[in-house]
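Throughout, a chain's letter reflects where its sequence line sits, starting with A, and its residues are numbered from 1. Predicted, not measured: the structure shown is a model, and the values here were computed from it.
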Amino acid sequence: MKIYNTMTRKKEDFVPIRENKVGIYVCGPTVYDYIHMGNARPMIVFDTLRRYLMYKGYDVNYVSNFTDVDDKIIKRAMEEGVPSVEISERYIEEVKKDMKALNVMEATTHPKATEEIPDMIDMIKVLIEKGHAYEVNGTVYFRTRSFPGYGKLSKKNIDDLEAGHRDIKVAGEEEKEDFLDFVLWKPKKEGEPSWESPWGEGRPGWHLECSVMSKKYIGDIIDIHAGGEDLIFPHHENEIAQSEAANDVEFARYWMHNGFLKIDGEKMSKSLGNFFTIRDIGKKYPLQVIRFFILSAHYRSPLNFADTLVESSKSSLERILNAMSKLKDAMDYAEEKEVSAKEKELLEKIEEYVTKYEAAMEDDLNTADAISVIFEMVKFANSSISSANAKIVVERMYAVIGKLCDILGIITETETEILDSEIEALIQERQAARKAKNFARADEIRDVLAGQGIILEDTREGVKWKRA
RNA sequence: GGCGCCAUAGCCAAGUGGUAAGGCAGAGGUCUGCAACACCUUUAUCACCAGUUCAAAUCUGGUUGGCGCCUCCA
């Protein structure tokens, strides 16, 4: 498979370090609030990458952290007057709920920063020993200029950074040797969570945790490191500096970054009031629709989020679901018989679609193209596959579309739901009315059920219903 | 100021040298008691200008417009 590597700015053939094994590290959220649409994009995109690699037979070690010690968490805790651990634990649980609702698989490991402090201290010690870090008044800084490759991911050169920096001085800057140096360990302030360290009580800097956790749970070299494009600088640049300075080996082979999500054409931000949490969106749309919507564009493109676009995705997804529902019915009625010569061609055609789908996914996870292949299959199924075919043919069609959707994390399997007896009775009454050509009554019942979110469809095999 | 990205039909969105996938919406038709589902038909020369080439949406240069990072951020 080809992956666009931010480091080289090119699509490269993906070759894992260890045969058939892939280690993926995705920077996870800071848990101080419900996750929003922007957080969801990398979760969904890289979960899809993971699912595809698993489908290809790779053993995927997927690590994604929870940043559970951070200024924003502390601020929130102070506002609510509770310990910050209460905030982080609460939102880790909420984030997990949202991820589940988005059908994002649980990571192999979900490390938390606060549980990895000893390893972070060890890495800082190594960096100090090697001359890549130094301590001033309880703060440990990374000596950025001591790492020659600094800027290689974001393609920034140190002198440009210096020029751009002059206007934006930060407090405490005087004590640093160099403005480029960033914090590995910061001393405790009153009321903040802290840990013992050789440099006094304090807490780790943000960039350090990812270097430490990826090393611990994947190894010194990781196959794929992923996250939002805004993390390229400074977060990922700093991770590279820390890890490569400490471990003396390349940090990550492939860097993948998803594009930003915009709201009605504008950047999402709290001040613009266009900040949407997954929790709120879930009240308006099935989150499956959101997942489908996000995957309908290439992951590196900016993606605009607007109601009309989601509505459109909802209709699109229904087309797939309708086709699957029809296939399921066809399976029930299809006979187990010999596959005819003509049907053999149908089976071959199905495999051609699979090949085409895989080619799309192989090309830097082109989910938009892959989805278009699914729609081609849907059309093919709707027009060429029916209960008149041998059962095995129908089953294959159903299984293939189901599997290809599953790789995208789209659930097509609908569990058979039992309607309550009252609704069931109304449907029966309507059927009787139709038989008696009392269409006024039949339509009236259909309207009543529609009002309750039950949509009826009359098919040759009888009445079908679905939720609006 | 530095680094980088994008511009394809009413909307969304693939396509990186050989004469434009797919979806939504719209129009016409078939099926249906009607509707829904489904099926058939129908809707673009790819921001603009110049160049390279037998051939460009696809390469090069320029113009215009939009966006991101450089500060916490997915």
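Screening A:Lys11, A:Arg300, A:Lys10 for a salt bridge (Lys or Arg N to Asp or Glu O under 4.0 Å) involving A:Asp364 leaves a single residue, A:Arg300.
B:G62 and B:A7 have their C1' atoms separated by 16 Å, given to the nearest Å. Taking atom P on both B:U42 and B:C5, the two are 39 Å apart, rounded to the nearest angstrom. On the C1' atoms, B:U32 is 10 Å away from B:C37, given to the nearest whole Å. Using P as the reference atom, B:A38 and B:A25 are 10 Å apart when rounded to the nearest Å. A distance of about 29 Å separates the C1' atoms of B:A50 and B:A14, rounded to the whole Å. Nucleotides B:U60 and B:U53 place their P atoms 16 Å apart, quoted to the nearest Å. Nucleotides B:C12 and B:U43 place their C1' atoms 16 Å apart, quoted to the nearest Å. One C1' atom belongs to B:A56, the other to B:C49, and the distance between them is 15 Å to the nearest Å.
Scanning atom types as modelled, one donor and one acceptor separated by under 3.5 angstrom connect the side chain of A:Asp443 and the base of B:G33.
Within 4.0 Å (heavy atoms only), A:Lys156 reaches at least one base atom of the nucleic acid. The residue A:Ile35 sits apart from the nucleic acid: no heavy atom pair falls under 4.0 Å. A:Phe233 comes within 4.0 angstrom of sugar-phosphate atoms only, judged by non-hydrogen atoms across all strands, and of no base. Looking at heavy-atom distances under 4.0 Å, A:Phe260 makes contact with a base. Nucleic acid contact for A:Gly227: sugar-phosphate only, since backbone atoms but no base atoms lie under 4.0 Å from a heavy atom of the residue. When heavy atoms are screened at a 4.0 angstrom cut-off, A:Ser325 is found touching no nucleic acid atom at all.
Look at B:A27: its Watson-Crick or wobble partner, with both distances under 3.5 angstrom, is B:U41. Taking a pair to require two hydrogen-bonding distances under 3.5 Å in either a Watson-Crick or a G-U wobble arrangement, B:U32 remains unpaired. B:A50 is paired with B:U60 under the criterion used here, namely a Watson-Crick or G-U wobble arrangement in which both key atom distances are under 3.5 Å. Using N1 to N3 plus N6-O4 or O6-N4 for Watson-Crick, or N1-O2 and O6-N3 for G-U wobble, each under 3.5 Å, B:C5 pairs with B:G66.
When all heavy atoms of A:Phe439 and A:Arg434 are compared, the closest pair comes out as CE2-O, 3.9 Å.
To the nearest angstrom, P of B:C73 lies 19 Å from CD1 of A:Ile263. In this entry the distance linking CD1 of A:Ile410 with C1' of B:G23 reads 14 Å, nearest Å. When rounded to the nearest whole Å, the span between CD1 of A:Ile74 and P of B:C72 equals 15 Å. Between A:Asn258 atom CG and B:A74 atom P the separation is 11 Å, expressed in whole Å. To the nearest angstrom, P of B:G4 lies 11 Å from OH of A:Tyr4. Across the protein-nucleic acid pair, A:Arg300 atom CZ and B:C6 atom C1' stand 12 Å apart, rounded to whole Å. Atom CZ in A:Arg441 sits about 21 Å away from atom P in B:A35, given to the nearest Å. One interatomic measurement links the two molecules: CD1 of A:Ile232 to P of B:C5, which rounds to 11 Å at whole-angstrom precision.
Proximity of a side-chain donor or acceptor of A:Ser312 to a complementary backbone N or O of A:Thr308 within less than 3.5 Å is not detected.
Residues A:Glu80 and A:Arg76 are paired through a salt bridge, judged by an N-O separation under 4.0 Å between the basic side chain and the carboxylate. Electrostatic pairing of A:Glu237 and A:Lys156 does not count as a salt bridge here, judged by no charged N lying under 4.0 Å from a carboxylate O. A salt bridge between A:Glu351 and A:Arg396 is present, with a side-chain N of the basic residue lying under 4.0 Å from a carboxylate O of the acidic one. Of the charged side-chain nitrogens involved, none lies within less than 4.0 Å of a carboxylate oxygen, so that A:Arg430 and A:Asp447 do not count as a salt-bridged pair. Of the charged side-chain nitrogens involved, at least one lies within less than 4.0 Å of a carboxylate oxygen, so that A:Glu94 and A:Lys97 count as a salt-bridged pair.
In terms of position on RNA chain B, the residue among A:Phe293 and A:Cys27 whose nearest nucleotide sits closer to the 5' end is A:Phe293.
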**Q.** A:Asp33/A:Arg279 under salt bridge (Lys or Arg N to Asp or Glu O under 4.0 Å): CA gap, chis, key distance, verdict
**A.** CA-CA 11 Å; A:Asp33 203 343; A:Arg279 199 54 62 91; over 6 Å; no
Short heteroatom pairs, N/O only, protein and nucleotides 13-16 of chain B, under 3.5 Å:
residue: B:A14; atom: OP1; partner: A:His298; partner atom: N; Å: 2.7
residue: B:A14; atom: O3'; partner: A:Asn366; partner atom: ND2; Å: 2.9
residue: B:A14; atom: O2'; partner: A:Asp369; partner atom: OD1; Å: 2.9
residue: B:A14; atom: O2'; partner: A:Asp369; partner atom: OD2; Å: 3.1
residue: B:G15; atom: OP1; partner: A:Asn366; partner atom: ND2; Å: 2.9

Please list, pair by pair, any protein nitrogen or oxygen found under 3.5 Å from a nitrogen or oxygen in nucleotides 36-38 of chain B.
residue: B:A36; atom: O2'; partner: A:Glu457; partner atom: OE2; Å: 3.3
residue: B:A36; atom: N1; partner: A:Asp458; partner atom: O; Å: 3.4
residue: B:C37; atom: O3'; partner: A:Asn322; partner atom: ND2; Å: 3.3
residue: B:C37; atom: O2'; partner: A:Lys326; partner atom: NZ; Å: 3.4
residue: B:C37; atom: O2; partner: A:Lys326; partner atom: NZ; Å: 3.3
residue: B:A38; atom: O4'; partner: A:Lys326; partner atom: NZ; Å: 2.8
residue: B:A38; atom: O3'; partner: A:Asn382; partner atom: ND2; Å: 3.1

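Distances from the side chain of A:Phe439 to the nucleotides B:A74, B:C72, B:G33 place B:G33 closest. Nearest to the side-chain atoms of A:Glu376 among the listed nucleotides B:A21, B:G68, B:C69 stands B:A21. For A:Arg9, counting side-chain heavy atoms from C-beta on, the closest listed nucleotide (B:C34, B:G4, B:A74) is B:G4. Out of B:C3, B:G68, B:C24, the shortest distance to the side chain of A:Glu229 is found at B:G68.
Between A:Tyr34 and A:Tyr91, a ring centre-to-centre spacing shorter than 6.0 Å is recorded. The ring of A:His225 has its center closer than 6.0 angstrom to the ring center of A:Tyr25.
A:Phe260 does not carry A:Lys262 over the face of its six-membered ring by the limits of under 6.0 Å from the centre and within 45° of the normal.
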